[in-house]
Amino acid sequence: MASTKSKTEIQADAAAKVNESVLTLSNALQSAGQAILTLTNDLHGFKALDMEERWVRMWGETLPKKDASKMLGISVGYLNKLVANKYISLTPDGRVLVRSAAAWALTDTQQKPNAKYTSSQKWRVEA
């Protein structure tokens with residue numbers, strides 16, 4: 001004989017299933033939150049890692065002046081001024097060290113000595 005459930009029993013069973021689903025979802029969200037937190041911490045750690053190293057991976061250790069100026073978004077003449085004022089280093093054969101260029105580009109604007117921020121949003125070195 002099939003048992004018949006009352007409306008209250010059916011509602012109680014449905015509520016129990018909903019509560020179980022909510023608990024499962026809550027646990028899944030908590031796990032996802034932990035995974036996101038771990039990923040965020042890893043990303044911050046990666047950012048904190050040597051940005052110069054990331055530039056080297058992208059561009060290589062050295063570049064010709066023309067390519068380095070394109071990388072930095074400045075003219076070759078301006079790059080030459082930066083080299084002359086020892087903001088950026090060259091190899092003995094005249095190629096730009098990417099780490100040096102990255103260090104200059106990533107330096108906070110207030111830490112760049114003898115440099116002014118012009119209205120065109122470009123750095124210029126006062127010689």
Side-chain angles (χ1 to χ4, degrees):
M1 177 177 254
S3 67
T4 58
K5 292 186 177 181
S6 69
K7 186 176 182 180
T8 306
E9 290 173 330
I10 293 172
Q11 288 174 340
D13 287 346
K17 287 181 181 181
V18 168
N19 284 338
E20 184 179 329
S21 296
V22 168
L23 182 61
T24 302
L25 180 60
S26 175
N27 290 338
L29 288 173
Q30 190 174 20
S31 295
Q34 288 294 336
I36 290 170
L37 182 63
T38 301
L39 179 62
T40 302
N41 288 338
D42 290 347
L43 288 174
H44 285 298
F46 184 66
K47 272 187 169 178
L49 288 178
D50 201 4
M51 288 295 288
E52 296 170 17
E53 183 65 31
R54 291 174 63 188
W55 280 44
V56 168
R57 287 182 198 157
M58 186 183 312
W59 297 95
E61 284 289 341
T62 64
L63 285 174
K65 285 184 180 180
K66 185 176 181 180
D67 293 339
S69 67
K70 285 182 184 178
M71 173 187 72
L72 293 170
I74 59 176
S75 69
V76 175
Y78 183 59
L79 178 63
N80 287 330
K81 285 183 182 180
L82 292 171
V83 169
N85 288 305
K86 299 185 189 253
Y87 288 104
I88 294 179
S89 301
L90 296 179
T91 62
D93 63 348
R95 292 173 63 90
V96 175
L97 291 172
V98 171
R99 290 176 198 276
S100 171
W104 175 81
L106 298 170
T107 300
D108 187 19
T109 57
Q110 295 167 346
Q111 295 177 358
K112 290 182 180 179
N114 299 326
K116 288 190 176 179
Y117 204 62
T118 65
S119 60
S120 64
Q121 306 296 310
K122 299 276 185 188
W123 279 97
R124 67 179 169 84
V125 176
E126 291 183 348

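When reading the values below, keep in mind they use all heavy atoms of this one structure, side chains included, and skip hydrogens, waters and symmetry mates. All of these numbers come straight from a predicted model, not from anything done at the bench.
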Return a table of donor-acceptor pairs under 3.5 angstrom between the side chains of residues 10-17 and protein atoms on other chains or two or more places apart.
from, atom 1, to, atom 2, distance (Å)
Asp13, OD2, Lys5, NZ, 2.7

Check: Looking at Val76 and Lys66, what are the two nearest heavy atoms and their distance?
Finding: CG2-CA, 4.0 Å
Check: From Leu106 CG over to Glu52 CD, what is the distance, rounded to the nearest 0.5 angstrom?
Finding: 7.0 Å
Check: Roughly how far, to the nearest 0.5 Å, is CZ of Arg57 from CD of Glu53?
Finding: 5.0 Å
Margin query: For the CD1 atom of Ile88 and the CG atom of Leu97, what is their distance to the nearest 0.5 Å?
Written below: 10.0 Å
Notebook entry, point to check: Got a sec, which hydrophobics cluster with Leu29, joining ILVMFWY side chains under 4.5 Å apart, including via others?
Noted result: Leu25
Notebook entry, point to check: Do Val98 and Glu61 come within less than 4.5 Å of each other through their side chains, counting heavy atoms only?
Noted result: no
Item checked: Between CH2 on residue Trp104 and CG on residue Asn85, distance to nearest 0.5 Å -> 11.5 Å
Notebook entry, point to check: Hey, are the side chains of Val96 and Leu90 touching, using non-hydrogen atoms and a 4.5 Å cut-off?
Noted result: yes
Check: Which atom pair, heavy atoms only, marks the closest approach of Met71 to Leu63?
Finding: SD-CD1, 3.8 Å
Notebook entry, point to check: Between Leu39 and Ile36, is there a shared hydrophobic cluster once you connect ILVMFWY residues whose side-chain heavy atoms come closer than 4.5 Å?
Noted result: no
Item checked: Contact check, side chains of Leu82 and Ile74, non-hydrogen atoms, under 4.5 Å -> yes
Margin query: Going by salt bridge (Lys or Arg N to Asp or Glu O under 4.0 Å), name the residues that satisfy it together with Asp67, two or more places apart in sequence or in a different chain.
Written below: none
Item checked: Shortest non-hydrogen contact between Ser69 and Leu79, atoms and distance -> N-CD2, 4.1 Å
Margin query: Given 3.5 Å as the limit, does a donor-acceptor pair link the side chain of Ser26 with the main chain of Val22, or not?
Written below: no
Next item on the list: Please lay out, stage by stage, how Leu72 and Tyr78 fare under the test side chain to side chain contact (heavy atoms under 4.5 Å, CB included).
Entry: CA-CA 10 Å; Leu72 293 170; Tyr78 183 59; over 6 Å; no
Check: Where do Ser100 and Tyr87 come nearest, in terms of heavy atoms and distance?
Finding: OG-O, 3.9 Å
